[in-house]
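Shown next, in structure tokens, is the structure this report addresses.
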Amino acid sequence: MQRKRNRLEIIYTILGIVRQNTNSIRPTPLLRYTNISSQSFSEYYKELLEKGFLREELDRKQRKFVSLTDKGFKFLEKYRVLKGFIEEFEL
Amino acid sequence: MNPQFPGPRAGNALLGFRGSQFFGFSFELLLIELAYFLIVFGVCLIVYLKTRELYSISQHRGLFHFRNIFLFFGVAYFFRLVQVLNFLSQETLDLGLGRGFFPFVMPVVSFFSTMALLSLLMSVLTRNIDSNVKRVDYTLYAIAFVSSLVVFATRSENIMMAIQTIILAVSVLFLFVEPSEKTRKRLFSPNRVTYLLLAVLWIVNLLAFSRAMLSLEFKLLLYCISAAVFISVLLRVQKRLPPNAKKTKPS
């Protein structure tokens with residue numbers, strides 16, 4: 001059985017999916033690819049928007065798209081360092 | 001004379017003097033205290049600054065408490081030095097900021113050191129607590145504030161030690177009664193031992209505020225162990241956050 005992902009891994013997954021999709025994806029497919037419950041997803045999504053990792057944009061047809069901010073890209077870059085640090089100090 | 005309050009010659013006792021000593025001896029002690037402070041404060045500052053970026057990109061609550069340990073210990077050790085220098089100046093230079101100064105520094109030391117001890121506890125427990133609750137932070141500040149008020153009201157370094165020992169005991173108890181089997185297995189991990197040492201060494205360090213309980217040799221040993229623990233944390237941080245960490249490739 002696959003191990004349950006922790007909070008940090010879920011955030012990494014969400015941001016990684018956005019980056020993989022040329023930094024522009026609609027919230028619904030993002031939810032699908034992330035593979036968590038819609039309730040959890042909306043909590044993470046809201047938090048990532050509030051903390052400035054993601055931003056919402058509207059296209060010409062007024063459809064909502066999500067993309068990474070600079071902070072989001074930086075998080076992906078530093079993820080390994082961060083994970084190693086958190087494991088080292090059991091945070 | 002108030003038995004809780006250091007007497008006119010208390011500085012000697014506080015700094016490990018035995019009877020009347022010459023200026024040279026106290027200068028030696030001054031150097032030891034300064035060197036010890038510089039090591040601890042330097043380590044705290046480096047750890048705090050080095051983890052700044054990691055915290056700003058992750059907003060991780062465990063990291064928040066981890067950084068706070070070093071922020072608050074750094075400030076607490078600074079005010080501890082202020083107090084020790086105050087005692088020393090009374091004895092050797094007769095500057096005599098003296099008794100009036102003592103009641104104001106002690107609560108400050110108490111507040112910051114209590115916050116550091118609580119941050120130690122929180123950094124261990126953070127995985128099990130809904131960390132988005134701001135109430136947790138306010139509770140920590142409230143506990144530290146109340147303890148410093150008590151120290152101010154009683155003007156007793158022994159009360160401060162007692163409060164902090166209770167916090168330490170409760171922290172250890174918290175870890176033992178934690179229901180998670182996984183967490184219990186990690187109880188004596190090197191990390192938790194380090195945290196425990198930081199807390200215990202700080203509390204033993206508070207003996208510097210009490211009377212003539214520590215010999216110079218014991219003090220030197222204590223400072224060496226304490227500095228070594230801080231440096232070991234710094235080395236582990238350096239290992240995880242090397243200067244070229246920016247070049248880390250995204251996975």
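Note: hydrogens, waters and symmetry copies are ignored here, and every other heavy atom, side chains too, is used. The chains referred to below are lettered A, B, ... by the order of the sequence lines, with proteins before strands, and numbering in each begins at 1.
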Practice task
Examine whether an atom of Y55(B) lies under 4.5 Å from a heavy atom of chain A, and if so say whether it belongs to the side chain, the backbone or both; otherwise answer neither.
Solution key: neither
Handout entry: Atom CD of E57(A) with >12 non-hydrogen neighbours under 6.0 angstrom
Key = yes
Practice task
Could you tell me which portion of I11(A) (side chain, backbone, both or neither) has an atom closer than 4.5 angstrom to a non-hydrogen atom of chain B?
Solution key: neither
Completion exercise
NZ of K51(A) to CD of Q59(B), rounded to nearest 0.5 Å, is 5.5 Å
Handout entry: NZ on K74(A) to CD on E53(B), rounded to 0.5 Å
Key = 4.5 Å
Handout entry: Region of F73(A) in contact with chain B, defined by heavy-atom distances below 4.5 Å
Key = neither
Practice task
Evaluate the side-chain proximity of F89(A) to V237(B): yes if any heavy-atom separation is below 4.5 Å, no if none is.
Solution key: yes
Completion exercise
d(I57(B) CD1, D70(A) CG) to nearest 0.5 Å is 12.5 Å
Practice task
Look at the rings of F66(B) and F85(A) and say which category their plane angle falls in: under 30° parallel, 30 to 60° tilted, over 60° perpendicular.
Solution key: perpendicular
Exercise for the section: Starting at OG1 of T51(B), measure out to CG of L82(A) and round the result to the nearest 0.5 Å. Expected result: 11.0 Å
Handout entry: Backbone of E88(A) reached by a side-chain donor or acceptor of R240(B) within 3.5 Å
Key = no
Completion exercise
Rounded to the nearest 0.5 angstrom, the CG-NE2 distance for L91(A) and H60(B) is 6.5 Å
Completion exercise
When rounded to the nearest 0.5 Å, the distance separating CZ of F75(A) from CG of L54(B) is 9.5 Å
Practice task
Would you indicate whether F65(A), at its atom CZ, is surrounded by more than 12 heavy atoms from other residues, nucleotides or ligands within a distance under 6.0 Å?
Solution key: yes
Practice task
Flag yes if more than 12 heavy atoms outside R26(A) fall under 6.0 Å of its CZ atom; otherwise flag no.
Solution key: yes
Exercise for the section: Examine whether an atom of H65(B) lies under 4.5 Å from a heavy atom of chain A, and if so say whether it belongs to the side chain, the backbone or both; otherwise answer neither. Expected result: neither
